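Note that the structure is a prediction, hence the values are computed from the model and not measured. So that the names make sense, note that chain A is the first sequence line, chain B the second, and so on, each numbered from 1.
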Protein chains: 2
Amino acid sequence: MEKLSTRFDAETLLKVAEILKTIAHPVRLSILELLENKEKLTVSELMKGTGIEQSLLSHHLIKMKDKGVLKSEREGKNIFYTLADKHIVNIFDCMEGCSIIK
Amino acid sequence: MEKLSTRFDAETLLKVAEILKTIAHPVRLSILELLENKEKLTVSELMKGTGIEQSLLSHHLIKMKDKGVLKSEREGKNIFYTLADKHIVNIFDCMEGCSIIK
DNA sequence: CTTAAATATGACAAAATGTTCATATTTTTA
DNA sequence: TAAAAATATGAACATTTTGTCATATTTAAG
């Protein structure tokens, strides 16, 4: 019997799952979308962009930062969030090609 | 103030999140990986390929089917599972380019 | 027609996640 | 230095997700 192929090892699959789980939420995706076009945005700007309440947004941002999806840096009174790795938003192209979401 | 861009509308973001949530699990990813190279596989073959116990595997398969990620068809005693849309596995290319998972 | 093989189902417990609310922290400004 | 603006934190709670186990269903084979 042929051996079934494995492109990723177990550990990598875990990491991939971890990242996907981290972004698999409408608000988080919306945040990524905004950061795809704006490079860096403050929490306040993200509040307006997403329409999400401050505390909840903060929770989302911090989780994404913890998981390595976002980075942040303070600039005076504001904190700017950016994509830790711009490649992540390729997922949007990916999903756009999928008939499942139509 | 500039309007922040929105590539996907809220409804689509929901669907995308739904799909990502569905596949964001190491076993599910492993299933997709196997189906990337084999077109159709029975539950038994997937058991061997993933090393997952029958009942749990079945739960995973059925959820992915419910969410539109997989399809299945009976052939005698076996049930073959296939990708509903092959584009979904592009996510692997996508993630491979991401330094986050290294 | 009984059994075996392959797969699905359903109930349940445990763990993870999402949300809200109240409050804390940090920085700037009056 | 007190108040305001921007953001983070943490507890409490509801919801969802995972995994396990026992059992059901379907089909083929003896």
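- At whole-Å resolution of the value, CD in B/E18 and C1' in D/dT17 are 12 Å apart.
- Both A/F80 and B/K21 lie near DNA chain D, and the one whose nearest nucleotide falls closer to the 5' end is A/F80.
- A sub-4.0 Å separation between OP1 or OP2 of C/dT19 and a side-chain N or O of A/H60 is present.
- In plain terms, the two heavy atoms of B/H60 and B/I31 that are nearest each other are CB-CD1, 4.3 Å.
- Atom pair A/K65:NZ and D/dT7:P shows a separation of 13 Å (rounding to whole Å applied).
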Using the side-chain contact (heavy atoms from CB on, under 4.5 Å) rule, take A/I101 and B/I19 through it: C-alpha gap first, then chi angles, then the decisive distance, then the call. CA-CA 8 Å; A/I101 67 164; B/I19 298 304; 4.1 Å; yes
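- Proximity of B/N78 to the phosphate of D/dT27: no side-chain N or O atom is located under 4.0 Å from OP1 or OP2.
- We find that CG of B/L56 is positioned 12 Å from C1' of D/dT17, with the value rounded to whole Å.
- The listed nucleotides are D/dT17, C/dA8, D/dA28; the one nearest the side chain of B/S58 is C/dA8.
- Contact annotation: B/K77 does not reach the phosphate of C/dT7 (side-chain N/O to OP1 or OP2, under 4.0 Å).
- Regarding B/I52, its CD1 atom lies at a distance of 14 Å from the P atom of D/dC21, rounded to whole Å.
- Between the CZ atom of A/R74 and the C1' atom of C/dT27 there is a distance of 6 Å, given to the nearest Å.
- Two residues are said to be in side-chain contact when any heavy atoms from C-beta on lie closer than 4.5 Å; A/I52 and A/M47 fail this criterion.
- The one candidate from A/E45, A/R74, A/E39 that meets the side-chain contact (heavy atoms from CB on, under 4.5 Å) condition with A/F80 is A/E45.
- In this entry the distance linking CD1 of A/I23 with C1' of C/dG18 reads 17 Å, nearest Å.
- Between A/H25 and B/Y81, it is B/Y81 whose nearest contact on DNA chain C lies nearer the 5' terminus.
- OP1 or OP2 of D/dT18 lies within a sub-4.0 Å distance of a side-chain N or O belonging to B/R28.
- When heavy atoms are screened at a 4.0 angstrom cut-off, A/I62 is found touching the sugar-phosphate backbone but no base atom.
- Closest to the B/S55 side chain, of the nucleotides D/dG10, C/dT7, D/dC21, is D/dC21.
- With hydrogens and angles ignored, the 3.5 Å screen pairs no side-chain donor or acceptor of A/R28 with any backbone N or O of A/S30.
- The side chain of B/H59 lies closest to C/dG10 when the candidates are C/dG10, D/dA5, C/dT7.
- Interface remark: the A/Q54 side chain does form a donor-acceptor pair with the D/dA8 base, using a distance-only criterion of under 3.5 Å.
- Only one option out of B/E18, B/K21, B/K15 pairs with B/K67 in a side-chain contact (heavy atoms from CB on, under 4.5 Å); it is B/E18.
- When the P atom of C/dA8 is taken as reference, atom CD of B/E53 falls 13 Å away, rounded to whole Å.
- Where A/G76 and B/S72 meet DNA chain C, the nucleotide closest to each residue was compared, and B/S72 sits on the side nearer the 5' end.
- Among C/dT19, C/dT9, C/dG18, the nucleotide with an atom closest to any side-chain atom of A/K63 is C/dG18.
- For B/S44, whose side chain is taken as the heavy atoms from C-beta onward, the closest listed nucleotide among C/dT27, D/dT7, C/dA6 is C/dA6.
- C/dT7 atom P lies 11 Å from atom CG of B/L41, rounded to whole Å.
- Nucleic acid contact class of B/I79 (heavy atoms, under 4.0 Å, all strands): sugar-phosphate only.
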